[in-house]
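Given the structure is predicted, the values throughout are model-derived calculations rather than measurements.
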Amino acid sequence: MAKEITPREENYSQWYNDIVKKAGLIEHSPVRGCMIIKPHGYAIWENIKAQLDKMFKETGHVNAYFPLLIPKSFLSKEAEHVEGFAKECAVVTHHRLMNNPDGPGVVVDPTAKLEEELIIRPTSETIIWDTYRNWIKSYRDLPLLINQWANVMRWEMRTRPFLRTAEFLWQEGHTAHATQTEAVEEARKMHEVYARFAEDYMAMPVIKGAKSDSERFAGAEDTYTIEAMMQDGKALQAGTSHFLGQNFAKAFDVKYLDANNKEHLVWATSWGVSTRLIGALIMTHSDDDGLVIPPRLAATQVAIVPIPKPNEVINEVTQQIMGELRSAGISVIYDDDKKKRPGFKFAEHEMRGIPVRIGIGMRDLENNVVEVARRDTKEKTSVPVDGIAQYVENLLEEIQANLFNKAKAFREEHSHECSTYEEFKALLEGKGGFIYANWDGTPETELAIKEETGATIRCIPDDNSTPTGPCMYSGKEAKYRVLYAKAY
RNA sequence: AGGGGUGUAGCGCAGUCCGGUUAGCGCACUUGGUUUGGGACCAAGGGGUCGUAGGUUCGAAUCCUAUCACCCCUACCA
């Protein structure tokens with residue numbers, strides 16, 4: 001059949017591309033770097049979004065929507081910020097097309113040039129802080145805790161589905177606070193929310209930490225990150241949370257009066273995760289047979305396949321089982337497509353990452369059992385129809401836990417402590433993975449290591465970043481014990 | 001952005017070097033039949049401006065030029 005997936009061992013990039021296409025997650029669009037997210041891919045995003053949105057609301061945030069187009073002048077208000085994004089902004093210069101006077105098709109109407117050019121948002125800090133200036137007058141207006149779900153555009157040279165696309169979907173939280181302490185607490189709180197989401201819902205273990213100066217968000221004072229290990233040993237930054245200090249308050253003149261009628265600049269945070277998480281999900285759990293989706297993010301948790309062709313008896317039992325599963329809050333589909341044989345359906349549901357498959361045939365029903373197959377281990381078990389919902393409920397939890405444990409074991413296996421640079425280089429040339437080593441805290445050392453090995457400081461871990469000796473590279477006194485890796 | 005590769009039916013490809021009837025094959029699709037416990041089989045069908053735009057030629061999928069897209073490897077970025 002034409003549905004084969006390139007094995008990871010053979011070509012990891014090709015494997016990834018095969019998964020996103022053959023599991024029906026995306027299609028390429030006519031525009032470079034943009035992707036059409038198909039229903040099966042978008043369903044994963046919807047579940048990510050639903051859960052995160054709930055967690056944001058639980059932590060006191062509300063949603064709003066700010067416009068796609070931003071006046072060009074806004075981008076230049078915060079120096080570091082503009083430096084970070086200027087290179088990859090799409091610019092709207094005209095507002096009208098016209099029929100081509102010299103032939104077929106349409107051309108840009110040269111008389112429709114905009115007075116001020118508009119930027120398609122690469123992120124929304126500027127438009128949001130321009131707005132916040134009017135919303136914040138008093139300490140009573142603080143904290144302001146707003147999130148938005150949106151698309152953004154960054155004109156990337158090299159794109160890959162989900163991991164790096166020109167347009168992507170994300171959420172961006174933007175908050176304003178009266179004090180530095182509060183703002184730092186907010187940034188750290190959302191950092192925790194991201195980590196909890198990654199581990200509990202995506203079943204993806206992450207290392208929490210802070211970014212070094214060079215890896216920090218343009219315009220931030222501190223950037224917190226969650227870093228996950230992919231199956232090729234490379235690190236993927238899965239979510240960032242920034243303490244922005246007063247940089248945007250200064251740039252956009254956002255001040256409030258305190259209880260003593262004294263004026264102060266506000267303190268800010270921003271934090272975001274994107275459709276990149278879907279890429280992370282794929283590269284954390286999937287295998288050579290296709291996609292693997294953790295049960296908590298699977299839009300369809302169970303697929304029921306009748307064997308052989310559906311008949312009255314099978315239909316009846318299926319309806320009963322589906323009713324019980326749905327009552328237990330489990331999402332289930334019945335694949336009674338008469339044109340496909342069971343074997344084909346098995347392979348297809350595996351390709352698409354459905355966590356559990358139930359096969360129902362006459363041979364099973366004679367014994368009042370069904371065949372339950374789990375996607376993560378491919379294990380098949382005969383299970384009594386009686387109590388099936390409870391069994392599947394437990395199984396889904398077990399799969400969720402197993403995926404997390406497997407990913408964590410993989411990460412531990414590919415994580416190393418390292419004290420000399422020679423050892424460091426040898427590790428990178430070999431299996432790669434995460435390497436913990438001492439760092440003198442200078443950007444020079446960081447840059448030199450990056451240029452010589454390709455590995456970067458992924459983060460200064462929140463836990464246990466006390467140095468255990470001198471800097472691996474310079475031999476000088478180390479400031480931190482940091483996580484090095486090659487990264488996406 | 002540098003190097004390499006590929007664009008021919010929805011998908012995977014042959015044909016291109018050496019120009020020559022109506023451009024093929026496998027899968028998928030449609031119809032009918034037989035099947036059905038891990039990607040079924042038989043038969044009959046439908047589907048193509050050969051990536052796009054120019055050029056050379058009596059004649060172009062094939063030669064030339066330009067351009068676009070995608071993939072791989074480096075470098076850069078979430």
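Across all strands shown, A:R357 has heavy atoms under 4.0 Å from base atoms, whether or not it also approaches the sugar-phosphate.
Straight-line distance from the CZ atom of A:F346 to the P atom of B:rU36: 14 Å, rounded to whole Å. Taking atom CZ of residue A:F344 and atom P of nucleotide B:rA40, one finds them 8 Å apart after rounding to whole Å. Here the P atom of nucleotide B:rG4 and the CD atom of A:Q14 are 20 Å apart, to the nearest Å. Taking atom NZ of residue A:K450 and atom P of nucleotide B:rU74, one finds them 15 Å apart after rounding to whole Å. At whole-Å resolution of the value, NZ in A:K345 and P in B:rU36 are 14 Å apart. Summarising the geometry, the separation between CG on A:D335 and P on B:rG39 is reported as 16 Å, rounded to the nearest angstrom. Separating the CG atom of A:D337 from the C1' atom of B:rC29 is a distance of 13 Å, rounded to the nearest angstrom. Counting to the nearest Å, the P atom of B:rC73 and the CG atom of A:D232 are 10 Å from each other.
Spacing of P atoms, B:rC42 relative to B:rC25, comes out at 16 Å, to the nearest Å. Nucleotides B:rC72 and B:rG54 have their P atoms positioned 32 Å apart, rounded to a whole Å. For B:rC73 and B:rU57, the C1' atoms lie 40 Å apart once the distance is rounded to whole Å. When the C1' atom is compared between B:rU62 and B:rU74, the two are found 34 Å apart, to the nearest whole Å. Spacing between B:rC50 and B:rG19 at atom C1', rounded to whole Å, works out to 15 Å. Distance check on atom C1': B:rC41 versus B:rU35 gives 8 Å, rounded to whole Å. Look at the P atom in both B:rG59 and B:rG4: the space between them is 35 Å, to the nearest Å. For the P atoms, the distance linking B:rU21 with B:rA61 amounts to 10 Å, nearest Å.
In this pair, A:F217 and A:H242 present their aromatic rings parallel. The plane angle is below 30°, not in the 30 to 60° band. Ring orientation note: the planes of A:F424 and A:Y421 are close to parallel, at an angle under 30° on the 30°/60° scale.
Nucleotide B:rG19 is matched to nothing when pairs are restricted to Watson-Crick or G-U wobble geometry with both distances under 3.5 angstrom. When both pairing distances are held under 3.5 Å, B:rC76 makes no Watson-Crick or G-U pair with any nucleotide shown. Within the shown strands, B:rC42 is the pairing partner of B:rG32 under the Watson-Crick or G-U definition, both distances less than 3.5 Å. With a cut-off of 3.5 Å on both pairing distances, B:rG47 has no Watson-Crick or G-U wobble partner at all. Pairing partner, B:rG54: B:rC64, with both Watson-Crick or wobble hydrogen-bond distances short of 3.5 Å. When both distances must be under 3.5 Å, the Watson-Crick or G-U wobble mate of B:rA14 does not exist.
Taking the side-chain hydrogen bond (donor to acceptor under 3.5 Å, both in side chains) definition, one finds that A:Y484 meets it with nothing, sequence neighbours left out. In this structure A:Y132 satisfies the side-chain hydrogen bond (donor to acceptor under 3.5 Å, both in side chains) test with no other residue, sequence neighbours excluded. Applying the salt bridge (Lys or Arg N to Asp or Glu O under 4.0 Å) test to A:D130 and every residue at least two apart in sequence or in another chain returns A:R133. Not counting sequence neighbours, A:R341 has no partner by the salt bridge (Lys or Arg N to Asp or Glu O under 4.0 Å) test. Contacts of A:R458 classified as salt bridge (Lys or Arg N to Asp or Glu O under 4.0 Å), with partners at least two apart in sequence or in another chain: A:E215, A:E227. Partners of A:H414 according to the ring-ring contact (aromatic ring centres under 6.0 Å, His included) rule, which considers only residues two or more places apart in sequence or in another chain, are A:F410.
Non-hydrogen atoms lying under 4.0 Å from RNA chain B are contributed by A:I307, all within residues 285-307 of chain A. Contacts of residues 361-369 of chain A with RNA chain B (heavy atom under 4.0 Å): A:G361, A:M362, A:R363, A:D364. For the contact set between residues 162-174 of chain A and RNA chain B, defined by any heavy atom under 4.0 Å, the members are A:L163, A:R164, A:T165, A:F168.
Checking A:G343 against A:E88, the closest nucleotide of RNA chain B that is more toward the 5' end is the one next to A:G343. Nearest-nucleotide positions on RNA chain B place A:E350 closer to the 5' end than the other of A:E215 and A:E350.
Phosphate contact (OP1/OP2 of B:rC41, side-chain N/O of A:R341, threshold under 4.0 Å): absent. Contact annotation: A:S13 side-chain N/O to B:rC71 OP1/OP2 distance is not under 4.0 Å.
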- Message: Please determine whether side chain to side chain donor-acceptor pair (under 3.5 Å) holds for the pair A:Q231 and A:Y12, giving the CA-CA distance in whole Å, both sets of side-chain angles, and the decisive distance to 0.1 Å.
- Response: CA-CA 9 Å; A:Q231 291 181 58; A:Y12 191 80; 5.1 Å; no
- CA sep, side-chain torsions, deciding dist, call: A:Q51, A:N47, side chain to side chain donor-acceptor pair (under 3.5 Å): CA-CA 6 Å; A:Q51 181 54 36; A:N47 280 345; over 6 Å; no
- Would you sort out whether A:N151 and A:W170 count as a side chain to side chain donor-acceptor pair (under 3.5 Å), showing the intermediate values? CA-CA 6 Å; A:N151 58 340; A:W170 78 344; over 6 Å; no
- Query: Please walk me through it: do A:S214 and A:E446 pass side chain to side chain donor-acceptor pair (under 3.5 Å)?
  - Reply: CA-CA 9 Å; A:S214 68; A:E446 188 182 5; 2.8 Å; yes
Could you list the donor-acceptor pairs under 3.5 angstrom formed between side-chain atoms of residues 295-302 of chain A and any protein atom two or more places apart in sequence or on another chain?
unit_1	atom_1	unit_2	atom_2	d
A:R296	NH1	A:D200	O	3.1
A:Q301	OE1	A:S331	N	3.0
A:Q301	OE1	A:S331	OG	3.4
A:Q301	NE2	A:P295	O	3.0

Just list the side-chain donor-acceptor pairs under 3.5 Å for residues 354-370 of chain A, sequence neighbours left out, or say none.
unit_1	atom_1	unit_2	atom_2	d
A:R357	NH1	A:E350	OE2	3.0
A:D364	OD2	A:G361	N	3.0
A:N367	ND2	A:R363	O	3.4

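Checking B:rG37, B:rC77, B:rG39 against the side-chain heavy atoms of A:E156 singles out B:rC77 as nearest. The nucleotide whose nearest atom lies closest to any side-chain atom of A:N17 is, among B:rU30, B:rC77, B:rC71, B:rC71.
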Please tabulate the protein-to-nucleotide N/O contacts below 3.5 Å involving nucleotides 67-70 of chain B, giving atom names and distances.
unit_1	atom_1	unit_2	atom_2	d
B:rC70	OP2	A:R32	NH1	2.9

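Judged by the 6.0 Å distance and 45° axis criteria, A:K77 is positioned over the aromatic ring of A:F74. Remark: A:R188 fails to qualify as a cation-pi partner of A:W271 under the 6.0 Å distance and 45° angle criteria applied to the six-membered ring.
Judged by distance alone, with hydrogens and angles left aside, A:K378 brings no side-chain donor or acceptor close enough to the base of B:rG38 to form a pair under 3.5 Å.
The backbone N or O of A:K189 sits nowhere less than 3.5 Å from a side-chain atom of A:Y194 that would complete a donor-acceptor pair.
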